[in-house]
Amino acid sequence: MIYLDNSATTHPLPEVLESFHKVADRYYANPSSVHRFGSEAEYLLQQSRKQAAQLLNVDVSEVIFTSGGTEGNNMAIKGIALQHQSRGKHMITSKVEHPSVMEAFRALESLGFEVDYLDVDAEGRVNPQQVESVIRKDTILVSIMSVNNELGTVQPIEAIGSILKDYPKAFFHVDHVQGLGKIDLPLKEAGVDLCTLSGHKIHGLKGTGALIAQNHVSLFPLLHGGSQEHEQRAGTENLPGTVAFVKALRLIEENRKQKINKLKSLRQHLWNEVERIEQVVINSPKQGAPHIVNFSLPGYKPEVVIHALGEKDIFISTKSACSSKQPDVSSVLKACRLDHDLTTSALRVSLSYQNTEEEIDVFIDTLKKVIERLQPTMERSR
C-alpha cells in the first residue's frame, strides 16, 4: 500500500499506540478523583501538559487539551465571540479556511455577528494589508490558517500578527492543524493569541488535540459542567489520548528538525514528476508547505481517478476530507479564481516523513497508466 493522503489523517506511530495502550490499561482512574489512584492520573495529565508547553514554547496554563481541530477551532472562534461580544461583533477570516472555521463563522452570523471573508490571490494567499484595510474598532477576532489543507499555501502569519499588535482589542487565532510539524511557527513572536492543533494529523490518534490560548485570552466555554482544562472545557479528561497526543507532538517536532529537508526534497521530486505529465496543471504554490501538492486533470473526474488508483492500493484525495463528499467544485480553488475545469478536477497528494521516493515513482507510473486508460472514456463524456 502507498498512502499519500496524510493531510486527511496519518498512520499512528507504534510509539504513540504503545503510550495509549499503557495509560489506558494502567492509569484508568479519573484524574479528578481525590484518592491516590486518581492523583496518579492527574499527575500524568499535568506532566503531559508541561511537556506540550515545553515543545510549543508556551506556558503550562496556556495548553487546553481538546478532541482535535474542529473542537479547537470552534472553541476559539465561538469562545471569543460569545465572551467579547459586548465590545464588538465584527470578525475577519479568509475564503480558504477549513470547513470547521467557515461553518463556525456562518453560525455566528446567524446570531448577529458580522464577518469579513478576505479574498486570496491565485495561490490562495492572504494579503496582510487587506487584513488591515478591513479591521475596525469593533473587530474582536482575526482567524487565518497557517497552511491551507488543499493547496499547501503558507499564510503570512507573522506579518498579520505584526499588524494586529496595533489593534490590542482584536484577538488573533491560527488554525495550525496542517502546519504543525511541517513549518516553524513561533506563537508568541508571531503575535498568535489562539492556536488550534490536532493529533491525528501528526501520527497521533483521532479525537485528540489542543487549543493554545495565551493567558491574557478569556473564552466563553462551549462545554459546562466541571472545572477541567482550566475551566475552559468541562468533562472527564481523555488521559490516554492526551498522553498519546503529546508523544506524537514530540516525535513530529523531532522529525521537523531532523528530516524537514528530506520532506522538501520528496515534495520537489513529486512536483517535478507531476509537472512532466502533459494533462496536469499544478495548483499549489511552488514555495508551499513541504507536504502538499495539489494538481488538476481537466476533463477527468477526481473520484474516478482516485478509485482507479485505489484499485492499485495507492491512496490520494481531492479537497478537504471534511468536504470531499460535497459537490465537485473546490471552494478553495474557486476562491483562487481558477478556471471551472480546474476547480472540478483537482487532486491532492499529501506526504509524511514516512513516505519514500520509491513510493512517489510508483505513484507517478500508475497515475500515467490510469490517465491513459481513462482518456477514451473522458473524451466520450465531453
Residues that Asn74 engages under side-chain contact (heavy atoms from CB on, under 4.5 Å), provided they are two or more places apart: Thr70, Lys78, Ser100, Ala104, Leu222

Within 6.0 angstrom of Phe363 CZ, more than 12 heavy atoms from elsewhere: yes

Atom of Leu151, atom of Cys336 and distance for their closest heavy-atom approach: CD1-SG, 3.7 Å

N-O pairing of Glu109 and Arg106 below 4.0 Å: no

Glu42 bridged to Arg49 by N-O distance under 4.0 Å: no

All pairs passing ring pair (Phe, Tyr, Trp, His ring centres under 6.0 Å) where residues 242-283 contributes a residue, at least two apart: none

Electrostatic pair Lys369-Glu372, nearest N-O below 4.0 angstrom: no

Worked verdict on Asn283 versus Ser296 for side chain to side chain donor-acceptor pair (under 3.5 Å): CA-CA 7 Å; Asn283 303 314; Ser296 292; 2.9 Å; yes

Evaluation steps, side chain to side chain donor-acceptor pair (under 3.5 Å), between Thr366 and Lys312: CA-CA 8 Å; Thr366 307; Lys312 302 297 183 180; over 6 Å; no

Test item: Asp59 side-chain N/O and Ser61 main-chain N/O as donor-acceptor pair under 3.5 Å: no

side-chain contact (heavy atoms from CB on, under 4.5 Å) between Thr9 and Lys206, intermediate numbers included: CA-CA 8 Å; Thr9 195; Lys206 297 173 183 66; 3.5 Å; yes

Pairs flagged by ring pair (Phe, Tyr, Trp, His ring centres under 6.0 Å) wherever residues 103-139 is involved - sequence neighbours left out: none

Listing, residues 162-174 side-chain donor-acceptor contacts under 3.5 Å, not counting sequence neighbours, or none:
unit_1 : atom_1 : unit_2 : atom_2 : d
His173 : ND1    : Ser143 : OG     : 2.8
His173 : NE2    : Asn73  : OD1    : 3.3
His173 : NE2    : Thr196 : OG1    : 2.8

Exam field: side chain Glu62 to backbone Asn215, donor-acceptor pair closer than 3.5 Å: yes

Shortest non-hydrogen contact between Leu55 and Val246, atoms and distance: CD1-O, 4.2 Å

Salt-bridge present (Lys95, Asp119; N to O < 4.0 Å): yes

Heavy-atom check, side chain of Val120 versus side chain of Val332, under 4.5 Å: no

Atom pair CG/CD1 of Leu270 and Ile360 - distance to nearest 0.5 Å: 5.0 Å

Basic-acidic side-chain contact under 4.0 Å: Arg337, Asp121: no

Cationic N near anionic O, under 4.0 Å, Arg125 to Glu123: yes

Interatomic distance, His291 atom NE2 to Asn355 atom CG [nearest 0.5 angstrom]: 11.5 Å

Thr93 OG1 to Asp175 CG distance, which is reported to the nearest 0.5 Å: 9.0 Å

Flag side-chain contact, heavy atom, 4.5 Å: Val304 against Val370: no

Taking every non-hydrogen atom, the tightest pair across Ile157 and Met145: CD1-O, 3.6 Å

Side chains of Leu266 and Tyr353 in contact at under 4.5 Å (non-hydrogen atoms): no

Backbone of Leu351 reached by a side-chain donor or acceptor of Arg267 within 3.5 Å: no

Salt bridge (charged side-chain N to carboxylate O under 4.0 Å, His left out) against Glu237, all qualifying residues, sequence neighbours excluded: none

Ser48 side-chain N/O to Leu44 backbone N/O, donor-acceptor pair under 3.5 Å: yes

Donor-acceptor under 3.5 Å (Lys89 side chain, Asp138 main chain): no

Between OG1 on residue Thr10 and CD1 on residue Ile252, distance to nearest 0.5 Å: 7.5 Å

Shortest non-hydrogen contact between Leu263 and Pro290, atoms and distance: CG-O, 3.3 Å

Donor-acceptor under 3.5 Å (Ser350 side chain, Asn6 main chain): yes

Salt bridge (charged side-chain N to carboxylate O under 4.0 Å, His left out) against Glu40, all qualifying residues, sequence neighbours excluded: Arg36

Residue pairs fulfilling ring pair (Phe, Tyr, Trp, His ring centres under 6.0 Å) with at least one residue in residues 186-230, sequence neighbours excluded: Phe220-His224

Straight-line distance of Lys188 NZ to Leu56 CG, nearest 0.5 Å: 10.5 Å

Exam field: side chain Gln155 to backbone Gly124, donor-acceptor pair closer than 3.5 Å: yes

Flag, side chain of Asn272 to backbone of Gln268, donor-acceptor distance under 3.5 Å: yes

Linked hydrophobic residues, Phe37 as query - side chain contacts closer than 4.5 Å: Tyr28

Any residue meeting side-chain contact (heavy atoms from CB on, under 4.5 Å) with Cys195, in chain and number order, not counting sequence neighbours: His176, Leu187, Val192, Leu197, Ile212

Pairing residues for Asp341 by the salt bridge (charged side-chain N to carboxylate O under 4.0 Å, His left out) criterion, not counting sequence neighbours: none

Electrostatic pair Glu15-Arg250, nearest N-O below 4.0 angstrom: no

Counterpart residues, side-chain hydrogen bond (donor to acceptor under 3.5 Å, both in side chains), relative to Thr139 (two or more places apart): His90

Counterpart residues, salt bridge (charged side-chain N to carboxylate O under 4.0 Å, His left out), relative to Lys264 (two or more places apart): none

Check: Tyr300 and Ile371 side chains under 4.5 Å, non-hydrogen atoms: yes

Derivation and outcome, side chain to side chain donor-acceptor pair (under 3.5 Å), residues Ser94 and Glu97: CA-CA 6 Å; Ser94 84; Glu97 300 299 313; 2.6 Å; yes

